[in-house]
Number of protein chains: 2
Amino acid sequence: MFNLVNMSSALAADADPGPSSAGASGSTRDRIRDAAVLRFARSGFGTSVRTIAADAGVSPALVIHHFGSKDALHAACDEHVLAGIVESKRQNMGRATGGQLLQVLAEVDEYAPLLGYVVRSLQAGGDVARAFVEHMIEDARGYTREAVAAGIAKPSVDEDARVRYLTLSSLGTLSLALTLNPPEDPEDVGATVRTFLAEHYLPMIELYAQGFLTSRRMLDDYLLYVSDPPTGGESDDAPAPETTNEEP
Amino acid sequence: MFNLVNMSSALAADADPGPSSAGASGSTRDRIRDAAVLRFARSGFGTSVRTIAADAGVSPALVIHHFGSKDALHAACDEHVLAGIVESKRQNMGRATGGQLLQVLAEVDEYAPLLGYVVRSLQAGGDVARAFVEHMIEDARGYTREAVAAGIAKPSVDEDARVRYLTLSSLGTLSLALTLNPPEDPEDVGATVRTFLAEHYLPMIELYAQGFLTSRRMLDDYLLYVSDPPTGGESDDAPAPETTNEEP
DNA sequence: CAGCAGGCTGAACACGTGTTTAATCTGGTG
DNA sequence: CACCAGATTAAACACGTGTTCAGCCTGCTG
């Protein structure tokens with residue numbers, strides 16, 4: 001749940017054309033890029049250059065002229081979306097640290113295009129997906145540390161692994177739910193996410209609040225089985241899942 | 001975790017050519033279908049008919065001759081995989097009810113192709129994905145009911161929503177993890193899943209065993225917020241006996 | 001044996017794709 | 001004005017795709 005809070009705050013930015021990014025060349029280039037982001041989010045990365053060009057009211061050749069290739073356009077969109085995420089993170093720093101998830105979600109409509117694009121990336125895999133997930137893990141690490149320190153969250157045997165799992169779980173669940181039940185109106189990602197939460201928020205928070213099993217036995221059995229909690233050395237099997245995270 | 005057990009048992013079948021399905025026409029048709037399943041699992045549903053034909057040692061025209069179109073071939077693969085899942089479910093009924101997840105996973109290699117195909121379907125969305133998830137939810141419902149009755153799992157405010165969430169969460173996490181970190185050898189799905197579990201089993205079971213939050217407050221707040229829990233049980237205050245886990 | 005249905009194929013077709021090319025238009029500068 | 005760099009485009013190119021077509025081969029039946 002902290003992960004969804006995190007995600008919400010991480011995306012609270014609109015995609016209005018601002019002279020922030022590097023190029024700042026012409027307005028047409030930005031218009032094409034914005035159309036591409038929107039179209040990619042709505043119809044996936046298989047969308048043809050011709051369709052994007054039509055959306056932007058421009059010839060296909062101009063798209064290539066400005067970006068060099070479709071892959072380069074895709075990369076430019078990735079960069080733009082990622083930059084928007086980072087920017088919005090700065091703006092919404094600390095807003096959602098508490099846990100008033102619903103209030104944050106009420107404003108979800110503002111950043112719908114970015115969210116749609118990210119979900120599409122999560123389904124397709126690739127650099128945005130990885131970078132986005134790493135960003136969220138990094139943030140969740142901070143939130144979780146604070147929550148543990150404040151006595152809100154329980155400590156974990158392996159804090160790092162837990163943060164990674166919780167983040168992956170939240171995003172994966174959302175992504176799968178959207179894949180299985182695609183919204184009739186891909187424009188309104190806000191409504192979609194709200195629908196998702198309406199169905200899954202209760203079981204999610206229940207699991208987080210009280211767990212699922214009645215005893216710690218399975219956990220302790222597993223801890224005994226691996227016999228080397230991450231605080232110590234390692235031994236036989238368990239192919240050493242090291243948690244490498246850098247890249248802020 | 002019960003979901004992963006469920007999934008494991010649900011897939012313990014190989015894709016050997018059996019005269020089970022309707023047609024039972026020629027062996028070549030089945031060979032093409034099997035090659036398609038394998039190739040779709042390995043490289044996604046965008047794979048060209050020519051590639052599949054080459055895999056099966058056959059001309060592209062023959063593929064169309066036998067299945068009519070690529071979409072029809074896709075549908076045939078879906079049906080075949082789904083049938084294999086149902087069949088294997090019958091065979092492995094009750095084997096994994098206990099929870100010896102690791103033993104089941106040791107045999108994961110047998111049903112690797114089916115698993116790969118299902119994961120690809122989960123990423124792409126579509127009928128197999130939906131049907132597969134619904135199957136797994138149905139099974140998980142049974143497992144969970146037994147677990148609750150046996151005192152292994154805690155009861156839920158909304159059993160149905162919990163089963164749906166837990167299943168979606170398990171599958172979504174696996175799917176996302178595989179998307180973000182695609183295996184270098186797509187053949188060996190078994191190794192991939194084992195790697196996934198090596199990294200995420202501990203935090204998953206820890207979450208299931210002890211939860212994440214220290215108090216029920218957020219849950220109770222939410223229950224108060226919606227003010228109509230589906231079971232019609234506790235409504236206003238008096239938030240059920242606290243369920244802090246103690247060692248048995 | 002003749003004949004024929006069906007598995008099977010190489011070559012082609014129609015089409016959509018990303019990209020290139022040559023040309024036009026436009027706006028600013030000497 | 002002449003000129004030029006850049007934005008912009010229509011048309012074409014090269015290619016990969018799913019699919020079709022006409023014919024070959026094979027094995028079975030009369």
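Basis for what follows: all heavy atoms, side chains included, without hydrogens, waters or symmetry-related copies. The chains referred to below are lettered A, B, ... by the order of the sequence lines, with proteins before strands, and numbering in each begins at 1.
Separating the NE2 atom of His65(B) from the P atom of dG23(D) is a distance of 18 Å, rounded to the nearest angstrom. Distance, Arg50(A) CZ to dG16(C) C1': 7 Å, rounded to whole Å. In this structure, Leu62(A) places its CG atom 11 Å from C1' of dG6(D), rounding to the nearest Å. dA7(D) atom P lies 13 Å from atom CZ of Arg31(A), rounded to whole Å. The distance between atom NZ of Lys70(B) and atom P of dT17(D), rounded to the nearest whole Å, is 9 Å. The separation between Ile64(A) atom CD1 and dT9(D) atom C1' is 14 Å, rounded to whole Å. If you take CZ of Phe67(A) and C1' of dT8(D), they are 15 Å apart, rounded to a whole angstrom. Atom NE2 of His66(A) is separated from atom P of dA5(D) by 18 Å (rounded to the nearest Å).
Looking at the side chain of Thr28(A), the nearest of the listed nucleotides dT8(D), dT9(D), dT19(C) is dT8(D). Closest to the side chain of Pro60(A), out of dC8(C), dT19(C), dT20(C), is dT19(C). Taking the side chain of Ser59(A) as heavy atoms from C-beta on, and the options dA7(D), dT20(D), dA10(D), the nearest nucleotide is dA10(D). Taking the side chain of Ser48(B) as heavy atoms from C-beta on, and the options dG7(C), dT19(C), dG18(D), the nearest nucleotide is dG18(D). With distances taken from any side-chain atom of Ser69(B) to the nucleotides dG7(C), dT20(C), dT19(D), the minimum falls on dT19(D).
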How far apart are the C-alpha atoms of Tyr201(A) and Tyr165(B), what are their side-chain angles, what is the distance that settles it, and do they pass the ring pair (Phe, Tyr, Trp, His ring centres under 6.0 Å) test? CA-CA 9 Å; Tyr201(A) 185 79; Tyr165(B) 170 75; over 10 Å; no
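A salt bridge does not link Arg31(A) to Asp34(A): none of the charged nitrogens lies less than 4.0 Å from a carboxylate oxygen.
When all heavy atoms of Leu168(A) and Leu176(B) are compared, the closest pair comes out as O-CD2, 3.6 Å.
Within the 4.5 Å cutoff, side-chain heavy atoms of Val58(B) are placed close to those of Val63(B).
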